[in-house]
Amino acid sequence: MAKPKIEPRLPKGMRDFLPAQMIKREYVFNIVREVFHLYGFEPLQTPSLELTETLMGKYGEDADKLIYNARHTEGKEELSLRYDLTVPLARVVGQYQNDISLPFKRYQLSPVWRAERPQRGRYREFYQCDADIVGAQSMLADAEIISLIVTTLKRLGFKQFVVKINNRKLLTAIGEYAGLDGEPLANLYRSIDKFDKIGADGVRDELLKRGIALEVTDRIMELITRKLPGTEQLDYLDDVMSSFSAARAGIDELRQIARHLQAANVPADAYEFDFTMVRGLGYYTGPIYETVITEPNLGSVTGGGRYDELVGLFRGESLPTTGTSLGIERIIDLMDVLDLYPPEIGGTVVQVMVSVFGEDTQDQAAALAAQLRAADICTEIYLQDRALGKQMGYADKKQIPVVALLGPDEIAQGVVKFKRLRDGYEITTPNAEAATAVRSLLTR
RNA sequence: GUGGAUGUAGCUCAAUAGGCGGAGCAGCUGAUUGUGGAUCAGCAGGUUGAGGGUUCGAGCCCCUUCAUCCACCCCA
């Protein structure tokens, strides 16, 4: 065997997913897709590459530097790997106005690429999972998104989580109240966004450092940190902030969302209003939401909100849009941490391995495999001529649950023997009943 | 982009003060040619990330470079 000359290595920040890992990832992907379909979201796929001009300038200068350029040496088009799924969505909505009827509900579960410095849980190629509703002004759309999040997380097995809901209009009003606009307002958001990390005192210090008057800072802190049950929190803010029209509008939207969520039977403990939650600086214009795993405290797994100005970029008009991004990579990590994978998904998709005793029994083994496959049982036939013990060892290592034994004795009697590796239990059954026998061994 | 740490077998890590590069796991063979895990015996696996320097002698010290990890920045 020649020694490999090429060092097997991965590009920085990129990963392989070996079969045992892929099985888990696809389990999560499949549940997500199921729930999204349940809510009437439909799949969208766009190319990994976009024209560079489609991407550039949509994210801000910092982010533009993180975009992978992918132009072919002799290609005439400037191409880049997509940086998120929102810009492709906006392009699609602008491009297929004949084919898409609004409101457009789509989801996309695809990799994106960002040339960031890799860190724990942060990669240069990673999957994003976005669900958005384009062209719906109503808060019913926002409530649908929140309900979708709650159902998805529940189906995945998460128990203790809460969707935090805020409204950009409220934050704007708070900025107005503090006399801030533009860049200083963005900085205010940045400070408040660190609430989880640096706590109330930390945020207060930052606001003071940013030159906001002591009295105003204390008012802001009071406004955003006061915790009251359910919509009482909205009542309180309404009292204090009603002189600001942006605040009134924001609170009104949150009240509508609360009403819709209640009507849709979303459990009240699955969401809360949290005025310290900001969601970056970006393009949000209305309600924003973020889901945190609360017990144990494991951080956020979804983020989203309403962004009425972005999708119209490729259409020359605003299009009211709301949506969420599932932190699917983070969710996959937490599924392991919280042990949420059902035991029946093992390290392999194979349900039965048909062992082969020798060349003279190969054909019967192949026939048995075909028979099991016809009955929708995932079947592997052992492909080397090795001692039965080796074959058993292989099956054991791969965690294949059942091995079929079809030697000269069985063949002579027209039967097949199956062994369940977990407990060593064996049954012998007539050939015709092979599939039924395997099924009985696989259940429980 | 800034700062710190670490690079030794496929993986996880040893190696006295600078003095013959080891172990566990994984792999392969056998004990056991119709039955896996456990045990035992054996085999194989290396340019110590790369390049240079100091030294009689470098895995170890110095310089450069590359890679990985961690923290910060950022995260639309």
Side-chain angles (χ1 to χ4, degrees), chain A residues 1 3-4 7-15 18 55-67 82-87 89-90 112-124 126 128 130 132 168 186-187 189-190 193-194 197-198 278-285 288 290 299-300 303-307 309-311 313 321 323-325 327 329-330 353-361 365 382 384-412 416-426 428:
Chain A
M1 193 95 51
K3 201 174 170 178
E7 185 65 22
R9 296 195 304 134
L10 280 170
K12 187 197 282 283
M14 305 204 176
R15 297 167 290 172
L18 298 183
L55 263 35
M56 295 305 281
K58 307 295 185 297
Y59 306 107
E61 249 174 71
D62 288 354
D64 288 349
K65 280 186 240 156
L66 301 179
I67 293 175
R82 68 171 162 245
Y83 186 76
D84 70 2
L85 302 178
T86 307
V87 165
L89 167 66
V112 302
W113 293 267
R114 299 179 184 184
E116 292 184 281
R117 179 172 290 225
Q119 250 184 72
R120 180 175 33 190
R122 288 179 76 172
Y123 304 96
R124 290 185 157 188
F126 60 97
Q128 275 202 335
D130 284 14
D132 295 274
R168 257 303 152 72
N187 286 333
Y189 292 168
R190 244 182 287 242
D193 199 26
K194 291 185 193 164
K197 214 174 198 174
I198 62 181
V278 175
R279 295 294 316 151
L281 19 160
Y283 45 50
Y284 292 115
T285 54
I288 49 181
E290 175 171 309
S300 85
R306 180 166 281 276
Y307 48 106
E309 301 304 323
L310 189 80
V311 172
L313 272 181
T321 301
T324 190
S325 185
E329 302 284 2
R330 180 102 185 102
M353 188 191 84
V354 178
S355 61
V356 179
F357 280 65
E359 219 169 306
D360 47 333
T361 68
Y382 195 79
Q384 282 173 286
D385 186 17
R386 296 176 81 191
L388 186 59
K390 300 289 180 199
Q391 303 189 32
M392 299 294 292
Y394 170 84
D396 184 47
K397 174 131 200 251
K398 268 188 78 172
Q399 296 181 57
I400 295 170
V402 173
V403 171
L405 298 135
L406 189 59
D409 299 350
E410 285 81 8
I411 291 169
V416 55
K417 194 192 293 186
F418 290 105
K419 174 167 184 166
R420 180 163 61 194
L421 295 201
R422 174 164 50 81
D423 53 5
Y425 177 66
E426 288 186 354
T428 301

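Remember, it's a predicted structure, so these values are computed and weren't measured experimentally. Below, read A as the first sequence line, B as the second, and so on, with proteins coming before strands; counting in each chain starts at 1.
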TODO: Report the distance from atom CZ of A/Arg122 to atom P of B/rC74, rounded to the nearest whole Å.
DONE: 10 Å

Open item on the list: Holding to side chain to side chain donor-acceptor pair (under 3.5 Å), I want the full list of residues that pass it with A/Glu290, two or more places apart in sequence or in another chain.
Closed with: A/Arg279

Open item on the list: Taking the C1' atom in each of B/rG30 and B/rG51, what is the distance between them to the nearest angstrom?
Closed with: 45 Å

Task: Partners passing salt bridge (Lys or Arg N to Asp or Glu O under 4.0 Å) against A/Lys398 (at least two apart in sequence or in another chain) - done: A/Glu380

TODO: Mark yes or no for whether A/Arg168, through its side chain, and A/Val278, through its backbone, hold a donor-acceptor pair below 3.5 Å.
DONE: yes

Task: Sequence-distant partners of A/Ile67, side-chain contact (heavy atoms from CB on, under 4.5 Å), two or more places apart - done: A/Leu55, A/Met56, A/Tyr59, A/Asp64, A/Ser80, A/Tyr83

Task: Those residues that, when tested against A/Gln399, pass side chain to side chain donor-acceptor pair (under 3.5 Å) (two or more places apart) - done: none

Open item on the list: Expressed as a whole number of angstroms, how long is the span from A/Asp64:CG to B/rC74:C1'?
Closed with: 14 Å

- [ ] Quickly work out the A/Lys398 NZ to B/rA26 C1' distance and round it to whole Å.
- [x] 17 Å

Open item on the list: Any side-chain N or O of A/Gln119 below 4.0 angstrom from OP1/OP2 of B/rC69?
Closed with: no

TODO: Heavy atoms under 4.0 Å is the rule here; annotate nucleotides 32-38 of chain B 5' to 3' with B where the base is hit, S where only the sugar-phosphate is, and - elsewhere.
DONE: --BBBB-

TODO: Send over the distance from A/Lys12 NZ to B/rC69 C1', rounded to a whole Å.
DONE: 11 Å

- [ ] Return the value, rounded to whole Å, for the distance between atom CZ of A/Arg124 and atom P of B/rC75.
- [x] 17 Å

- [ ] Ignoring the backbone of A/Arg190, work out which of B/rC69, B/rC74, B/rA71 is nearest its side chain.
- [x] B/rC74

- [ ] Treat primed atoms plus P, OP1 and OP2 as sugar-phosphate and everything else as base, then score nucleotides 3-9 of chain B 5' to 3': B for base contact with protein heavy atoms under 4.0 Å, S for sugar-phosphate contact only, - for none.
- [x] B------

Open item on the list: Roughly how many Å apart are B/rU48 and B/rG7, using the P atom of each and rounding to a whole number?
Closed with: 15 Å

Open item on the list: If the condition is salt bridge (Lys or Arg N to Asp or Glu O under 4.0 Å), which residues does A/Glu116 pass it with, not counting sequence neighbours?
Closed with: A/Arg122

- [ ] Can you sort out the partners of A/Ala90 under side-chain contact (heavy atoms from CB on, under 4.5 Å), two or more places apart, ordered by chain and number?
- [x] A/Val311, A/Phe314

Open item on the list: Would the distance check show the side chain of A/Glu309 and the main-chain N or O of A/Thr285 forming a donor-acceptor pair, the cut-off being under 3.5 Å?
Closed with: no

Open item on the list: Roughly how many Å apart are B/rC74 and B/rU16, using the P atom of each and rounding to a whole number?
Closed with: 44 Å

- [ ] Only pairs at least two apart or in different chains count here, so list each salt bridge (charged side-chain N to carboxylate O under 4.0 Å, His left out) that has a residue in residues 385-395 of chain A.
- [x] none

- [ ] Rounded to whole angstrom, note down the P distance from B/rG36 over to B/rG27.
- [x] 15 Å

- [ ] In whole angstrom, give me the gap between the P atoms of B/rU47 and B/rC62.
- [x] 25 Å

Task: Interatomic distance where OH belongs to A/Tyr123 and P belongs to B/rU68 [whole Å] - done: 13 Å

- [ ] Compare side-chain N and O positions of A/Arg386 against OP1 and OP2 of B/rU29 and report whether any pair is under 4.0 Å apart.
- [x] yes

Task: B/rA14 and B/rU2, which share atom name C1', separated by this distance in whole Å - done: 34 Å

Task: side chain to side chain donor-acceptor pair (under 3.5 Å) against A/Arg117, all qualifying residues, sequence neighbours excluded - done: none

- [ ] Describe, in one word, how the ring planes of A/Tyr307 and A/Tyr284 are oriented to each other, choosing from parallel (under 30°), tilted (30 to 60°) and perpendicular (over 60°).
- [x] perpendicular

TODO: Give one of base, sugar-phosphate or nothing for A/Arg114, where a contact means two heavy atoms less than 4.0 Å apart.
DONE: base

Task: Gap in Å between the two P atoms, one belonging to B/rA9 and one to B/rG59, rounded - done: 14 Å

TODO: Name all stems that contain residues of RNA chain B, defined as runs of 3 or more consecutive Watson-Crick or G-U wobble pairs, both distances under 3.5 Å.
DONE: B:1-7 with B:66-72, B:10-13 with B:22-25, B:27-31 with B:39-43, B:49-53 with B:61-65

Open item on the list: Please enumerate all residues that pass side chain to side chain donor-acceptor pair (under 3.5 Å) together with A/Glu410, with sequence neighbours excluded.
Closed with: none

TODO: Could you check how far CZ of A/Phe126 sits from P of B/rC74, rounded to whole Å?
DONE: 17 Å

- [ ] Give the rounded distance in Å between these two atoms: CE of A/Met14 and C1' of B/rC69.
- [x] 18 Å

Open item on the list: Using the C1' atom as the point on both nucleotides, what is the distance between B/rG22 and B/rC60, in whole Å?
Closed with: 16 Å

Open item on the list: Donor-acceptor check, side chain of A/Thr324 to backbone of A/Gly303, threshold 3.5 angstrom: yes or no?
Closed with: yes

